J.: 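Questions regarding the structure given below will be posed in turn.
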Amino acid sequence: MRQEDILEGLNKQQLEAVTSTEGPMLLLAGAGSGKTRVITHRIAYGLQQGTFRADQVLAVTFTNKAAGEMRERISNLSRVDFNRHWVKTFHSACAAILRREAPAFNYPRDFTIYDTRDQTALIKDILKKTGGSLANSTPAAILNKISRAQDSLLGPGDLKPRFDGDMQHEQLTAVYRIYQERLQEAKALDFGDLIFQTVRLFEEQEEILEKWRTRFPYLLIDEFQDTNKAQYTLMKQLAKKSRNVCVVGDDDQSIYSWRGADIHNIRSFQKDFQEAKIIRLEQNYRSTPQILEIASSVISNNNERMSKTLWSQLEKGPGAVYLETEDDREEAEAIAGGIRELAEQDTAFPDIAVFYRTNFQSRTIEECLMQREIPYRVIGSVRFYERKEVKDLLAYLRLAVNPYDAQAFERAASVPPRGIGARTRALLREKAAAGRDLITACEQSIAEGSIKGKRTVSGLKNLLLCLRAVQDAASVKDAVARGMEKSGLMQHYAEEEQRLGDLHELHAAADSFAADSPDEGLGEFLNRIALLGEMDKTDSATGVNLMTLHNAKGLEFDTVFIAGMEEGLFPHYLSADEQRRLEEERRLFYVGITRAKQRLLLSAASRRFSFGRTSYNEPSRFLNEIPESLCEKRGGAFLRTPRLRAAKPHKNTPEATVTEDQSSPGFREGERVSHPRYGEGVITRRTGPEVVARVQVAFRERSCLFLERYSNLTSLEKEE
DNA sequence: ACTCTTGGAGTTTTT
DNA sequence: CTCCAAGAGT
């Protein structure tokens, strides 16, 4: 692509940001100010000018999905295929570095990455063993403390007591220390470790740091306001010499301080890189002036912010609409009704989003959408790789790759039940503690006769040995297939269609991984999975988008609903007392508002039913922060015209209705169909009420149950 | 010794 | 709904 194309249509500030490819830069990019455009064009420009080569750039984004999009946009702009290059999250970048440097810090290349559940289980186990229950602290709370310590580059010895003789502190230090030891024994790293250990490695081994500095003389860090101290330090280490680092952020969109993010990194950057060019992007290209005014008005209630004024030249639009309902059910129905009506006017389903503060709120909304036959997708609710059956299968694969992985062993040894109980498992793990792997531990225990269930342990050992052999020889896909077959999980879950489907999906994921990265092995596949968020699902949107406000960051929609505008829920009661945390809730609201291009629809329920309990809530204080002239309060329904047309005019040409599955009449049993992932199949059963009919489909190698409406199935019998 | 069933309790946000 | 702990059953 020619230079004038890369630079075309940029405003003054954007142009300066794009063309300043050398030296440090702080890009303060307001919501909707064309940030992604600037970042991608900047890299494309540098490539085109010959300032740097693609393999000299390390770009860090917040999610894998954002990374994927950035790769694609740069590739399109620059005629360079950027897909092989380093656009990663902090975590995946560190995992990749540590894999390559494994010998230098005495870890195997194929280490395991512990997720939150592995971590919590480990802490529970430690608490049990040490007998010490940390005074009124749940394992999750302890884990949180440990994670925050890691984010701040504090090891067990670096924790400071709050006062002399702080029991909490001593116990926490002890648990943290054992926790780290156990991770090492298991040849595992957790999320915090990935960053912490990389920083430590760079600190301790100058020549390795030097190598990576030389490798990446150009850095870019996106969502900089959400970086923690460890990440900041890593950036500094890498950028110290070249000083070619561009950080991009917006202090008003900092919403992850509970995860260790430190907003002061923006100030630190100005100190550490005093020669940095500072550019503000304040023109908003996304939202109407009305939406922007609402957002500005709300965020102006925060004290801790760098002042910044967004403005928009877009056409005027409507103000916000606020709806109060009796309960959550009514709220959900109003949202569904509003969506229906908007869809009949001018807005397509994928251009609509519904945001909420907590995941459980999605359930009621989903039910109403389903009833009204409105297609939707939920982003990030139950993470695929955290589902029980998926973790079960992953446990076997993890052990095949890393036979020291104690958490995987716990799971693999007990699901499906094979007669190895807690006691035997503990014995085997003890055996493995002295630097032995778990397979060897099994072997030795059998040889010594120190164990009761000799036969079953022997069976498990052989199974693991077999999987280990397979992963060396076979493709990732075959290794997963072998795991499914040999683990006994397929039989174990034979009755549960959903779980079987998930196992097959993991197999399919392995297949596509193998296609994308033919040179990578099972270990890399497992690492990749551990770092994958649900956000990254790439299937194109066909329905309304449902997600938490946290997941909404970086996205935009024509129409945005924000549900549950109630005290106690939003701001959440756990964050409402402290000023700093309340301000973060407000920023979360700000993020939500600024996702909207045209319309903003808010709602609150005075009664909410959640898990056997009814709570009564006042409307959120944030509502009072919206200028009155820009917030119209309604009762009953969102739109002024609840039922304009009783019936739609009937279309008499059949071709018009065949194209979209909107009007799909439903399949017959015995009908031949095709699915984009599973291929051809036959409907074996069709059940349930018409609106939410389920179909059972037999494919060549498996059988799946779908909700008919969203199944992506196409008939093979209606073709001309 | 191990597994399965039952009842009770807890649920912010997530790489 | 889903995770735990405790007790009964094999």
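All values below were derived from every heavy atom in this structure, side-chain atoms included, with hydrogens, water molecules and symmetry-related copies excluded. Note that the structure is a prediction, hence the values are computed from the model and not measured. Here is how names work: the chains are called A, B, and so on, in the same order as the sequence lines, proteins then strands, and each is numbered from 1.
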J.: For A/Gln119 and for A/Ser414, find the nucleotide of DNA chain B with the closest heavy atom, then tell me which residue's nucleotide is more 5'.
T.: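 Result: A/Ser414.
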
J.: Check the phosphate of B/dT14 against A/Asn359, side-chain N and O only, distance under 4.0 Å to OP1 or OP2. Yes or no?
T.: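 Answer yes for this pair, as a side-chain N or O of A/Asn359 is under 4.0 Å from OP1 or OP2.
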
J.: Provide, to the nearest angstrom, the distance between the CG atom belonging to A/Asp190 and the C1' atom belonging to B/dT14.
T.: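 After rounding, the reported distance stands at 14 Å.
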
J.: Distance criterion of 3.5 Å, no angle test: do you see the side chain of A/Arg581 paired donor-to-acceptor with the base of B/dT13?
T.: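 No, no donor-acceptor pair under 3.5 Å.
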
J.: Once you round it to whole Å, what is the distance between P of B/dT13 and CD of A/Glu584?
T.: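 Distance check: A/Glu584 CD to B/dT13 P gives 14 Å.
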
J.: Nearest-Å distance, CG (A/Leu127) to P (C/dA5)?
T.: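 Taking CG of A/Leu127 and P of C/dA5, I get 11 Å after rounding.
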
J.: Between the side chains of A/Asp252 and A/Arg586, is the shortest nitrogen-to-carboxylate-oxygen separation below 4.0 Å, so that they form an ion pair?
T.: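 Salt bridge flag = no for A/Asp252 with A/Arg586.
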
J.: Measure the distance from CZ on A/Phe62 to P on B/dT14 and round it to the nearest whole Å.
T.: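 Between P of B/dT14 and CZ of A/Phe62: 10 Å.
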
J.: Tell me whether A/Ser92 contacts the main-chain N or O of A/Thr89 through its side chain, where contact means a donor paired with an acceptor under 3.5 Å.
T.: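 Checking the backbone N and O of A/Thr89 against the side chain of A/Ser92, a donor-acceptor pair under 3.5 Å is found.
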
J.: Can you tell me if A/Thr358 touches the phosphate of B/dT11, counting only side-chain N or O atoms and a distance under 4.0 Å to OP1 or OP2?
T.: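 False: A/Thr358 side-chain N/O out of range (4.0 Å or more) of B/dT11 OP1/OP2.
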
J.: Could you check whether the rings of A/Phe105 and A/Tyr107 sit parallel, tilted or perpendicular, using 30° and 60° as the cut-offs?
T.: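 Plane angle under 30°, so parallel.
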
J.: Between A/Lys388 and A/Asp502, is there a side-chain N and carboxylate O pair less than 4.0 Å apart?
T.: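 Salt bridge between A/Lys388 and A/Asp502, a charged N being under 4.0 Å from a carboxylate O: no.
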
J.: Measure from NZ on A/Lys391 to P on C/dT2 and round the result to the nearest Å.
T.: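 Spelled out: NZ on A/Lys391 to P on C/dT2 is 16 Å.
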
J.: Partner of B/dT11 by Watson-Crick or G-U wobble geometry, both contacts under 3.5 Å, or none?
T.: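 Check on B/dT11: unpaired, no WC or wobble geometry under 3.5 Å.
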
J.: Between atom CZ in A/Phe224 and atom C1' in B/dT15, what is the gap in whole Å?
T.: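 Taking CZ of A/Phe224 and C1' of B/dT15, I get 17 Å after rounding.
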
J.: Using the six-membered ring for Trp and the full ring for Phe, Tyr or His, decide whether A/Trp258 stacks on the six-membered base ring of B/dT13 (centres under 5.5 Å, planes under 30°).
T.: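 It does: the two rings, one from A/Trp258 and one from B/dT13, meet the stacking criterion.
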
J.: Taking the minimum atom-to-atom distance to the side chain of A/His572, which one of B/dT12, B/dT15, B/dT14 wins?
T.: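 Ranking B/dT12, B/dT15, B/dT14 by closest atom to the A/His572 side chain puts B/dT12 first.
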
J.: With respect to the side chain of A/Ser575, which nucleotide from B/dT15, B/dT13, B/dT12 is positioned closest?
T.: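 The answer is B/dT12.
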
J.: Given atom CG of A/Leu549 and atom P of B/dT12, what is their separation to the nearest angstrom?
T.: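 A/Leu549 atom CG is separated from B/dT12 atom P by 16 Å.
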
J.: Can a side chain N or O of A/Lys88 be found less than 4.0 Å away from OP1 or OP2 on B/dT15?
T.: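 For B/dT15, OP1/OP2 do not have a side-chain N/O of A/Lys88 under 4.0 Å.
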
J.: Taking atom C1' of C/dC1 as reference, at what distance in whole Å does atom CZ of A/Phe360 sit?
T.: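 Atom CZ in A/Phe360 sits about 13 Å away from atom C1' in C/dC1.
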
J.: Charged N to carboxylate O under 4.0 angstrom, A/Asp392 versus A/Arg387?
T.: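 Answer for the salt bridge query: no.
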
